[in-house]
Amino acid sequence: MGNLNVIAIVMVIGLTIFTVGLAIFVRRFTRTTADFYLAGRKVGTIANASAISGDYLSAASFLGVAAAVYASGLDGVWYAAGFAGGFIVVVLFIASALRRFGEYTVADFAYGRFGSDRIRLVTVVMVLLTSLFYMAPQMYGAGTTWTVLVGAGIFGLSPYNTGVVIVGLIIMFYVMVGGMKGTTLNQIVQFWWLWTAMFLVVVFAFTAGKFSYPATLAEVTAENHRDVKTHTVADLTADDGALLASVEGAMSPEAFEEVQAVVDAGDPAATVGVLVPAKNKLHTLRDMFFNEPGHRYNSFDQFSMVLALVLGTAGLPHILNRYYTNPSGAAARRSTFWVLIFIGTFYILAPIAGLAGRQIIDNAWRAGTAPANAAYVDGLLLKSDAIMPTIAQILGGEWLMGAVAAGAFAAMFSTTGGLLIASASAIGHDVYEKYINPGGSEARKVFVGKASVLFFAFVALGIGLGIPAVGLDKAYPALIAMMVTWAFAVGAGAFVPMLLTGIWWKQTTERGAIAGMIVGGGGSFFFIIMNILKQLGRLPDEGVLAFMGSLTFPTLFTFPAALLTIIIVSKLDGQLPKNVDEIWMRIHGTASERHERDMGTDKVGSMFSSGGK
Amino acid sequence: MASSAETTVRTASGIQMQHGDHIDTIESVDAVFRAQRKLSFAYGAVFFVVTLAIPAMSVWWESWYATPVWGGFTVNYLVVSLLYYLFLWGLSYTYIKKADKLDETLSHMADEIAAETAVAPVGGGENG
């Protein structure tokens, strides 16, 4: 049984009850499918920007960015910069056109642009794939945060599994009762909670933690970077104890004594947490320091990660869905600008928390005051993804930890809620309403949407429970940020080339778009699975398979390959939709917006009026 | 679907769409498209050049990634953790201002082109 943080738990429960209550409150305004999926298309600029930010600031951002910086230094800081930079691609190339075209989902766009059922179904598959990749880190974050917060499980479940199950059930409930309108309001509230919680951690770090950005960075950089690993005694003693000697050089004498005691016990299968000197993967002849690139990524991955992050945002189905909620194309652009301000400030703060953790958690551990529910190796967290609740408890006690834990759960609720809606839209709207029961009643359509939410919530729950079961949590140093970037990579490969060419190149054909989605999305999925297998030690160390498994992020290959595929296949195919001019006019035509401006209907309406626009 | 009542009209020379008093013809839409493409891709080029220059310098320029300039900050760390956001905000702000201005210009241009190119329907209209 771990330490119960009662005040923090009460704060988490309080926020949970509030969000569920909010979902129930807006239930009476959810009457049509437009209400359920898109909040009736009446979300104002700042409100929509806050909601997009709430959708976007997932557990990956709230827990994962600080964790990635804590574990990997500068390579981790890139997650923050890349997550923010992605919205530039959205505002430059996608936002206005998507709003003008005016469909519910990305699959609707594909169908409307290219006019075939095939492409709608391919898009649905890619939406589901991307959403599942994105949901996995949220559920992993739920289990990790629960472990630090509560430190105990229920009904015989481990603390991690308990967190996954409870969060999964709550999300399921509130999305089903509130739909998108429910999550829009929740996302607004939750985003500002997240932002404030991150802000408070940084303020406390500067005041209570005596943190100084340049000085702490210099202090942390003064010695070589070290990695936290879990090894068996057999690993440590192999090759005449070469690894053990390396560990001894990287750890303090007192901490190494504990490792030595496990080794001396003689059980070769016993595992122990150790520190090892980090290798520089970018400049292989240099030592690895916190403030230099190369801890996680070689030269290929440096570029590929940046591309995955900045292109992937434009390929996230739950973010793209949000652009249909803007009242006009100009409002969509303005929303994106405010998103950049909101999340930009957040992403400046998150790496500060990660760096502060290197100093503050280490100090607390040496003083014997570090939270007991987290595991440490010589002053470093065994799982870096636990950094936010841990540092919050050290700096501000249970109150700050409660604010952070509630923020973490809020992040999981809002993002997973948006993803469940996107998945439900894919099945309920794109498949059921279009193919299975086109003439069904509104009530029936909403019912199918909710059933889809339930199904995908259970799938997400299963993935969350499966992550530690396959050892994925030990294979990557900052798993949450890594997993969410996989979703970005799949989205960047599957949707962004199709959207870019669909919007900006009239000669794009349906066959070209499908081929591009398969090459980009399927290729990304393949390389990611290969990388996972390699990290789990299931691939050989050399050869073609080893090379395929070495690409942490495949976007540098898959994005241009998908783009090129679309261009080549479209040129060879040449079969444009018969009504291509009409489609073009819907994407780029402005008569509708000019008319709406004349009528004053491009302005924002009330989210609480019950009728459709 | 389009957000206001739309009338699609097929004419001898092509298609046109009418919303209230405003008409889109393929000529007016193409003109709008080209102007928007020029603006978006110009800003896109700036964004990608700057964004990809950062990892490029991380790979090839030692002074960029290994020389502390302020406490533990290298230029690389300073740019990725702080200055890049100023670039993003500045770029998006100027783009949105230009895009709004362009919208204004294009709406007049579209009306003018449509007035010149719109023709009476030959086969009647259809409400979309």
Side-chain angles (χ1 to χ4, degrees), chain A residues 41 74 77-78 80-81 84-85 87-89 91-93 96 102-103 212-221 282 286 290-293 299 302-303 306 310 329-330 333-334 336-337 340-341 344 347-348 351 504 581-582 584-586 588-599 601 613, chain B residues 1-4 6 8 14-26 28-30 32-33 36-37 40-41 43-44 47-48 51-52 54-56 58-59 62 65-66 68 70-74 76-77 80-82 84-85 88-89 91-93 95-96 99-100 103 106-107 110-111 114:
Chain A
R41 279 214 181 105
L74 180 55
V77 180
W78 254 117
F87 276 99
I88 292 288
V89 177
V91 74
L92 292 183
F93 299 112
S96 299
E103 298 285 2
S212 157
Y213 207 164
T216 304
L217 189 54
E219 186 186 312
V220 169
T221 303
L282 179 61
R286 287 182 67 83
F290 186 90
N291 67 348
E292 291 190 22
S299 50
Q302 292 284 334
F303 289 97
V306 172
V310 299
R333 285 196 296 266
R334 281 194 294 277
T336 313
F337 174 74
L340 271 166
I341 296 288
Y347 284 130
I348 287 173
W504 297 103
D581 282 344
E582 194 176 331
W584 205 240
M585 290 167 85
R586 281 181 58 201
H588 296 287
T590 54
S592 170
E593 286 183 1
R594 281 176 276 148
H595 172 64
E596 285 180 357
R597 202 179 319 168
D598 287 354
M599 304 296 289
T601 50
K613 190 173 177 181
Chain B
M1 295 297 112
S3 52
S4 64
E6 172 186 294
T8 304
I15 195 168
Q16 58 192 46
M17 285 182 178
Q18 185 164 357
H19 296 261
D21 296 334
H22 298 279
I23 295 173
D24 276 333
T25 65
I26 196 65
S28 70
V29 169
D30 274 341
V32 168
F33 161 72
Q36 285 172 335
R37 183 180 61 183
S40 288
F41 280 75
Y43 272 77
F47 171 71
F48 278 107
T51 300
L52 291 175
I54 299 172
S58 300
V59 174
E62 190 170 334
Y65 63 78
W70 177 39
F73 278 105
T74 60
N76 192 353
Y77 203 106
V80 180
S81 62
L82 293 171
Y84 186 65
Y85 298 94
L88 296 180
W89 293 333
L91 191 78
S92 60
Y93 183 79
Y95 169 76
I96 287 161
D100 284 350
D103 270 0
L106 292 178
S107 68
D111 278 337

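Nothing here was measured: the structure is a model prediction, and the numbers come from that model. Protein chains get the first letters and strands the later ones, always in sequence-line order, with residue 1 at the start of each.
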message = Rounded to the nearest 0.5 Å, what separates atom CD1 in B:Ile26 from atom CG in A:Asp581?
response = 4.0 Å
Using side-chain heavy atoms (C-beta onward) and a distance below 4.5 Å, is [X] in contact with [Y]?
X        : Y       : answer
A:Val310 : B:Phe48 : yes
A:Leu217 : B:Trp70 : no
B:Tyr43  : A:Ile88 : no

ask   = Under a 4.5 Å heavy-atom cut-off, does chain B meet the side chain of A:Val306, its backbone, both or neither?
value = side chain
key: Per-residue contact mode, A:Leu282 against chain B (heavy atom under 4.5 angstrom)   = side chain
query = Among B:Asp103, B:Thr74, B:Val32, which has the most heavy-atom pairs under 4.5 Å with chain A?
reply = B:Asp103
request  = Give the minimum heavy-atom separation between B:Val29 and A:Met585, together with the two atoms involved.
outcome  = CG2-CG, 3.7 Å
ask   = Does B:Tyr93 OH have over 12 foreign heavy atoms under 6.0 Å away?
value = no
task = Would you mind checking which part of B:Tyr65 comes under 4.5 Å of any heavy atom in chain A, side chain (CB onward), backbone (N, CA, C, O), both or neither?
result = both
request  = For A:Trp78 and B:Val80, indicate whether the former's side chain and the latter's backbone hold a donor-acceptor pair under 3.5 Å.
outcome  = no
message = Using modelled atom types and a 3.5 Å cut-off, is there a donor and acceptor pairing between side-chain atoms of B:Tyr85 and backbone atoms of A:Ala81?
response = yes
task = Check step by step if side chain to side chain contact (heavy atoms under 4.5 Å, CB included) holds for B:Ser81 and A:Tyr213.
result = CA-CA 11 Å; B:Ser81 62; A:Tyr213 207 164; 3.6 Å; yes
query = Taking every heavy-atom pair that is under 4.5 Å apart, which of A:Phe337, A:Trp584, A:Trp504, A:Phe303 has the most such pairs with chain B?
reply = A:Trp504
